[in-house]
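Read through the structure below, which is laid out as structure tokens, and then see the notes.
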Amino acid sequence: MRLSGRFFSLGLALLTMLTVQSCGTFGGGGSDVSPEAAAPSAPVEGDADREARLRESVDAYIQATGQASSDASGKLQHKNPYYFKEYYLYPSGSASAAVDIQETESRTVPYRATVKVDKQRFSTKMHRKRDEAVADSNYARDTGHETLTFEMRNGRWYRAGSIFVAAKTEENVNGEWVPAQEEVERTVAAEEESSESWWKRAWSTVTGR
């Protein structure tokens, strides 16, 4: 009787082990499910989301570059040998900007974008003396478009370059913006060009080149 009891206990233990192993293999414990299969797939970014993030980057650039109103005072600039003041306005922000996003074959830069935004540039005349430029508050206004280029890297938009093309230039006369007199606006530049041309002609006469 004792021997039969031992065989019975041994059989019961083996049955228990087989039952546990069977649950681990065929049960719902999920121990054999790979992490890749268990993890949710990343959402795919659509064209609308990509453009929305691009416009956010354009807004950030505008806020860092532009001024709030045309009454703002310009920053003094120095481009040897001249001094002048200038500042920028973006009347429409990025809301009405024309956006063109192109997909590329590059893995590092999968997308490139061109953004065309309205822009106004306010600037004073160029002065040779710094104090004269600081005291000058007579601004001319260039109105046109700025074309910005952006590149997407690591899921973020980065500005790669920009160019501003003015469609018209105006000056403020008695509180009203009117077409600028080109002869007045370019007086300094014309003098420099004439002086340089004179020296070139003189040097050419001496050297025969």
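Computed from a predicted model, the values in this text were never measured in an experiment. Computed over heavy atoms, backbone and side chain alike; hydrogens, waters and symmetry mates excluded.
Both I101 and L148 belong to a common hydrophobic cluster when Ile, Leu, Val, Met, Phe, Trp and Tyr are linked at side-chain heavy-atom distances under 4.5 angstrom. One hydrophobic cluster holds both V115 and M152 under the rule that ILVMFWY side chains link at heavy-atom gaps under 4.5 Å. In the hydrophobic clustering of this structure, Y61 groups with Y88; members are Ile, Leu, Val, Met, Phe, Trp, Tyr whose side-chain heavy atoms approach within less than 4.5 Å, directly or through other members.
Of all the heavy atoms in Y87 and S73, the pair that sits closest is CD2-C, 4.0 Å. Shortest non-hydrogen contact noted between Y90 and T65 is OH-CG2, 3.8 Å. Taking each heavy atom of L89 and A68 in turn, the nearest pair found is CD2-C, 4.1 Å. Of all heavy-atom pairs between G93 and V117, the closest is O-CG2, 3.1 Å.
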Determine, stepwise, if the pair R50 / Y111 fulfils side-chain contact (heavy atoms from CB on, under 4.5 Å). CA-CA 10 Å; R50 193 177 298 112; Y111 293 94; 3.2 Å; yes

> Do N172 and R141 pass the side-chain contact (heavy atoms from CB on, under 4.5 Å) test, and can you show the C-alpha distance, the side-chain angles, and the key distance before you say yes or no?
Replying inline: CA-CA 8 Å; N172 196 307; R141 182 175 70 179; over 6 Å; no

request  = Show your reasoning for whether side-chain contact (heavy atoms from CB on, under 4.5 Å) applies to F150 and L54.
outcome  = CA-CA 8 Å; F150 283 83; L54 174 60; 3.7 Å; yes

| Could you go step by step and tell me if V165 and T147 meet the side-chain contact (heavy atoms from CB on, under 4.5 Å) rule? | CA-CA 8 Å; V165 178; T147 301; over 6 Å; no

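The pair R121-E86 meets the salt-bridge criterion, since a charged nitrogen lies less than 4.0 angstrom from a carboxylate oxygen.
At distances below 3.5 Å, at least one donor-acceptor pair connects side-chain atoms of T104 with backbone N or O atoms of P110. The closest donor-acceptor contact from the side chain of W157 to the backbone of R112 lies at 3.5 Å or more, if one exists at all. Proximity of a side-chain donor or acceptor of T143 to a complementary backbone N or O of K168 within less than 3.5 Å is not detected. For the pair K116 (side chain) and V99 (backbone), a donor-acceptor distance under 3.5 Å is absent. For the pair Y139 (side chain) and G74 (backbone), a donor-acceptor distance under 3.5 Å is present.
The distance from atom OG of S162 to atom NZ of K119, rounded to the nearest 0.5 Å, is 6.0 Å. Note that the CG atom of D118 and the OG atom of S94 stand 11.5 Å from one another [nearest 0.5 Å]. Rounded to the nearest 0.5 Å, atoms OG1 (T169) and CD (Q181) are 12.0 Å apart. Remark: R55 CZ to I62 CD1 distance equals 10.0 Å, nearest 0.5 Å. Atoms CD and CD, on E176 and E171 in that order, are 11.5 Å from each other to the nearest 0.5 Å. Distance check, rounded to the nearest 0.5 Å: NZ of K125 to NZ of K85 gives 14.0 Å.
Contact check for E132 versus R130: no side-chain heavy atoms found under the 4.5 Å cut-off.
Ring centroid separation for the pair Y83 and H127 does not come in under the 6.0 Å cut-off.
Using a 30° and 60° split on the angle between ring planes, W177 and F122 fall in the perpendicular class, above 60°.
Applying the side-chain contact (heavy atoms from CB on, under 4.5 Å) test to Y158 and every residue at least two apart in sequence or in another chain returns R153, R156. Taking E103 as the reference, nothing meets the salt bridge (Lys or Arg N to Asp or Glu O under 4.0 Å) condition, with sequence neighbours excluded.
Remark: the T114 side chain and the D100 side chain contain no N/O donor-acceptor pair separated by less than 3.5 Å.
Atom CG of N154 has 12 or fewer heavy atoms from other residues, nucleotides or ligands within 6.0 Å.
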